[in-house]
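First up is the structure itself, then whatever we jot down about it.
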Amino acid sequence: MADAGVRGAMRDFGGVACCTPGLVVRPSSAAEIATVVQDARTRPFADVVARGCGHSSRGESLTDGVALDMRGMATVHQISEDCVVVDAGATWREVLSATLPFGRMPPVLIDYLDLTVGGTLSAAGIGGASHIHGTQAANVIELEAVTPAGEVVTCSPTRRYQLFDSLRAGMGRRGVITRASLRLIAAPERVLSCRARYTSAAELIAAQGCITADHISGQVKSSGFERQRHAAHLTSGTHPVMPGEQSSGCGCARRTSRNRLCRRSFHGGDA
C-alpha cells in the first residue's frame, strides 16, 4: 500500500467543487483498503472515498478525509468466453483492450472509455447499448467489495444479494467495489456507423425513437446536437432508412478496439 501523502486541493471533472484530503492512499488489494477503512472507524469524522479517474461531476470523488487512489488496482485477471474478472481501478479501455483479442466485449460501453470499472458500476453506467442490455451495473455477475465495517466480502445475485444490489449504482454508500466479474458477449467483426446532426434536443430525441440499432448515443457540441448510431452485423450496402435524411456515402473496415469502423453521414437542419 502506497501512502501518496497530501497533495493539496483536488478537483473532479465537474469542476464545481474542490477539497483537500487529509491523506491519499494508493492500495494494491482489497485487504489494504479494509485496513484503511478499519483505521478510519477509530477516528472521528474520518471519511474514506474511492477515487478512480476523478470524473465525478459534483464532488462525489472528493473528500477531506482519506482518498483511495483506485488506479493502483487495475489488473484484468481472467477472461473466459462469457466473463472477465477485473480490478475496480481498471478503465473500460483497458478492459476492452484485453477482451477484444479474444473476440469478446462487455455488452454496454460508456462513450468515454477512460473511466474506471468501479466508478461507473457505482453510478449505474449508461451507454449506447443500454436500450438493449440495460446498464453496465445490470451486467455484473459478481462483486468483491470492502464494506463500511472494513470487511472484505464477495456478493452476487445469489450470495448476499442485498449488498450486491446496494453496491451497484449505490454511489459508494454501501462500500468500495474492489473487483468485478463482468458479462461478455461476442464482438462484431464489422460495424456500420452512421452519424446525423440536429439543431435541437427535441429533434434529436424524436429521431432516436424512430430507428432500431445496436448502439445509439447523443452528444451536445458547439455546432448543435449530434446523434450517433452504430449498427452491428449489417452487410455493406444494406442500411436502415432514417426519415428525412440523406446519405453521403459509406465505407467498410474491420473491427478495431474503438469499434468505429464503417461510417455513413446524414444531415438534418443547420448542423
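This chain uses plain numbering: 1 for the first residue, then up along the sequence. Computation of the quantities below employed the complete heavy-atom set of this structure, encompassing side-chain atoms and omitting hydrogens, waters and symmetry-equivalent molecules. Quick caveat: nothing in here was measured; it's all calculated off a predicted structure.
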Non-neighbouring partners of Ala123 that pass side-chain contact (heavy atoms from CB on, under 4.5 Å), sequence neighbours left out
Met171
Please check this pair: side chain of [X] against backbone of [Y], looking for a donor-acceptor N/O pair closer than 3.5 Å.
X: Arg51; Y: Asp69; value: no
X: Thr35; Y: Ala31; value: yes
X: Glu142; Y: Ser181; value: no

[X] with [Y], same ILVMFWY side-chain cluster at under 4.5 Å:
X: Ile132; Y: Val140; answer: no
X: Ile141; Y: Val153; answer: no
X: Val85; Y: Val176; answer: no
X: Leu113; Y: Ile126; answer: no
X: Phe102; Y: Leu184; answer: yes

For the student: nearest non-hydrogen atoms of [X] and [Y], plus distance:
X: Ala98; Y: Val76; value: CB-CG1, 3.9 Å
X: His133; Y: Ile185; value: NE2-CD1, 4.2 Å
X: Pro107; Y: Ala129; value: O-CB, 3.5 Å
X: Asn139; Y: Arg183; value: OD1-NH2, 2.7 Å
X: Thr178; Y: Ala145; value: OG1-N, 3.7 Å
X: Pro21; Y: Ala67; value: CB-CB, 4.1 Å

For the atom pair [atom1] ([X]) and [atom2] ([Y]), what is the distance rounded to the nearest 0.5 Å?
X: Met73; Y: Ser28; atom1: CE; atom2: OG; value: 7.5 Å
X: Asp114; Y: Cys53; atom1: CG; atom2: SG; value: 7.0 Å
X: Thr116; Y: Asp87; atom1: OG1; atom2: CG; value: 11.0 Å
X: Thr147; Y: Ile33; atom1: OG1; atom2: CD1; value: 11.5 Å
X: Arg168; Y: Thr120; atom1: CZ; atom2: OG1; value: 13.0 Å
X: His131; Y: Ile216; atom1: NE2; atom2: CD1; value: 4.0 Å

Under 6.0 Å from the CZ atom of Arg174, do we count more than 12 heavy atoms belonging to anything else shown?
no
Evaluate the side-chain proximity of Leu167 to Cys155: yes if any heavy-atom separation is below 4.5 Å, no if none is.
yes
Should Arg179 and Thr154 count as side-chain neighbours, where that means a heavy-atom distance under 4.5 Å?
no
Given Thr135 and Val108, is the side-chain contact (heavy atoms from CB on, under 4.5 Å) satisfied, shown in steps?
CA-CA 7 Å; Thr135 64; Val108 180; over 6 Å; no
Listing request: all side-chain hydrogen bond (donor to acceptor under 3.5 Å, both in side chains) pairs with a residue in residues 100-109, at least two apart in sequence or in separate chains.
none
List the steps, then state whether side-chain contact (heavy atoms from CB on, under 4.5 Å) holds for Leu182 with Leu121.
CA-CA 10 Å; Leu182 308 172; Leu121 294 185; 4.1 Å; yes
Which one of Val37, Leu68, Ile177 satisfies the side-chain contact (heavy atoms from CB on, under 4.5 Å) criterion with Val146?
Val37
